[in-house]
Amino acid sequence: MEHLIELRRRLMWSIGGFFIAFLFCFFFAKQLFNLLVIPFKWATQWAGLDPHKVELIYTAPQEFFFTQVKLAMFGGMVIAFPLIATQIYKFIAPGLYKNERNAFLPFLIASPILFLMGASLVYFFFTPMVMWFFLAMQQAGTDDQVQISLLPKVSEYLSLIMTLIFSFGLVFQLPVVTSLMARVGMLSSEALVEKRKWAIVIAFVVAAVLTPPDPISQIGLAIPTILLYEVSIWSARLIERNQERDRLAREKREAAEAAAEKAADASST
């Protein structure tokens with residue numbers, strides 16, 4: 001019952017934090033959506049168009065409302081994630097040894113930082129690149145051609161940018177996951193090196209599944225994934241090196257203690 005009461009308390013804090021963040025994001029949903037449209041404006045500038053004439057539409061009366069709700073839920077989860085992660089850590093921390101808590105805490109801090117790095121890469125580079133790619137397919141109206149213009153729906157544009165942010169944020173957790181597995185002995189740097197070829201193939205497959213069907217976003221996700229895989233190999237080697245150093249220091253200390261006990265026994269006899 002004590003564990004269930006503690007779990008309920010942590011869940012209440014997490015849900016309450018998410019609900020407050022959701023209300024905050026929903027109140028500023030239009031401002032947040034306009035903020036997300038800025039990469040689209042950058043893309044229009046790259047395409048040689050007027051960024052002040054960027055236009056998005058919605059074709060159902062309730063579409064923009066539910067788009068704001070979805071945006072508020074996504075923003076609320078991002079804002080409340082540190083609180084939720086802290087509540088999870090506080091719930092499992094009493095069941096961990098001190099060295100396990102010290103090992104787990106840095107990864108708890110690194111995870112949101114890496115997610116924000118992936119989201120920033122999407123916002124400042126890949127979303128403008130993807131939208132520029134789509135804008136380049138427009139067709140100017142002439143005597144022989146009809147005019148074909150890009151008028152994205154608000155829900156589809158939000159789904160696109162949320163998919164990219166989620167995909168890059170998830171991929172940027174690769175060093176955290178592999179480092180944790182290496183620390184507990186489930187993975188080694190040698191195994192990561194041996195599976196490098198398969199990792200490159202899987203990176204392109206995952207990029208094709210998670211991103212929209214255009215080559216820019218797929219290649220743009222696959223390349224950082226491969227680079228992060230190399231970072232994971234380096235991180236695993238560093239962890240193994242530190243663990244080996246700690247093991248040698250522990251063996252040296254134990255040998256010194258055993259020698260001191262032996263000398264004390266000899267002097268007593």
Side-chain angles (χ1 to χ4, degrees), residues 77-78 81-82 84-86 88-89 92-93 95-130 161-253:
M77 182 59 67
V78 172
F81 177 78
I84 297 173
T86 302
I88 295 174
Y89 175 76
I92 65 175
L96 301 175
Y97 293 105
K98 184 178 180 180
N99 60 337
E100 293 174 336
R101 291 197 297 269
N102 294 335
F104 186 78
L105 189 58
F107 297 105
L108 187 64
I109 298 174
S111 181
I113 294 176
L114 290 173
F115 184 88
L116 290 176
M117 290 175 60
S120 300
L121 189 63
V122 169
Y123 185 85
F124 291 104
F125 182 71
F126 282 104
T127 299
M129 286 291 294
V130 170
I161 195 168
M162 284 176 54
T163 300
L164 290 174
I165 290 176
F166 176 77
S167 302
F168 277 77
L170 185 64
V171 166
F172 268 65
Q173 304 304 311
L174 183 61
V176 174
V177 176
T178 54
S179 298
L180 280 173
M181 295 177 68
R183 184 175 288 274
V184 299
M186 297 176 59
L187 198 62
S188 65
S189 59
E190 293 182 0
L192 291 173
V193 172
E194 292 176 356
K195 301 297 189 297
R196 181 185 278 122
K197 295 180 180 179
W198 287 102
I200 294 174
V201 176
I202 294 174
F204 280 95
V205 172
V206 171
V209 173
L210 294 179
T211 59
D214 66 276
I216 294 179
S217 58
Q218 292 176 6
I219 297 174
L221 180 59
I223 292 177
T225 304
I226 297 171
L227 295 177
L228 289 170
Y229 188 83
E230 297 297 327
V231 173
S232 301
I233 295 175
W234 174 82
S235 178
R237 286 175 177 168
L238 182 62
I239 291 173
E240 291 171 352
R241 193 179 300 119
N242 292 335
Q243 289 178 341
E244 182 66 17
R245 186 180 64 248
D246 294 340
R247 184 184 66 81
L248 294 176
R250 184 173 60 253
E251 291 179 353
K252 184 178 180 180
R253 185 174 60 253

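All residue numbers refer to positions in the sequence shown, counting from 1.
Listed by first and then second residue, the side chain to side chain donor-acceptor pair (under 3.5 Å) pairs that reach into residues 169-180 are Ser111-Gln173, Thr178-Ser232, Ser179-Ser235, sequence neighbours excluded. Legend: side chain to side chain donor-acceptor pair (under 3.5 Å) pairs involving residues 114-129, not counting sequence neighbours: none detected.
Heavy-atom minimum distance, Pro224 versus Leu221: CD-O, 3.4 Å.
Interatomic distance, CG of Leu238 versus CH2 of Trp234, reported as 5.0 Å (0.5 Å rounding). Separation of atoms CG (Leu164) and CG (Leu121) is listed at 10.5 Å; rounding is to 0.5 Å. Here the CZ atom belonging to Phe168 is positioned 12.0 Å from the CZ atom belonging to Phe115, to the nearest 0.5 angstrom. Atom-to-atom distance recorded for Thr86:OG1 and Ile109:CD1 is 9.0 Å, nearest 0.5 angstrom. Rounding to the nearest 0.5 angstrom, the gap separating the CD1 atom in Ile165 from the CG atom in Leu116 is 10.0 Å. Atom OG of Ser188 is separated from atom CD1 of Ile233 by 10.5 Å, given to the nearest 0.5 angstrom.
Ser167 places a side-chain heavy atom less than 4.5 Å from the side chain of Thr163.
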Name every donor-acceptor pair, under 3.5 Å, that has one atom in a side chain of residues 190-199 and the other anywhere in the protein, sequence neighbours excluded.
| unit_1 | atom_1 | unit_2 | atom_2 | d |
| --- | --- | --- | --- | --- |
| Arg196 | NE | Glu230 | OE2 | 2.8 |
| Arg196 | NH2 | Glu230 | OE1 | 3.2 |

**Request:** Give the C-alpha distance, both sets of side-chain angles, the deciding distance and a yes or no for salt bridge (Lys or Arg N to Asp or Glu O under 4.0 Å) between Arg237 and Glu240.
**Result:** CA-CA 5 Å; Arg237 286 175 177 168; Glu240 291 171 352; over 6 Å; no

**Derivation of the side-chain contact (heavy atoms from CB on, under 4.5 Å) call for Phe204 and Thr225** = CA-CA 9 Å; Phe204 280 95; Thr225 304; over 6 Å; no

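In this structure, Phe172 has no ring pair (Phe, Tyr, Trp, His ring centres under 6.0 Å) partners at least two apart in sequence or on a different chain. Applying the side chain to side chain contact (heavy atoms under 4.5 Å, CB included) criterion to Arg245, with sequence neighbours excluded, gives Asn242. For Ile88, the side chain to side chain contact (heavy atoms under 4.5 Å, CB included) test picks out Ile84, with sequence neighbours left out.
By the 4.0 Å N-to-carboxylate-O rule, Arg247 lies close enough to Glu244 to be salt-bridged with it.
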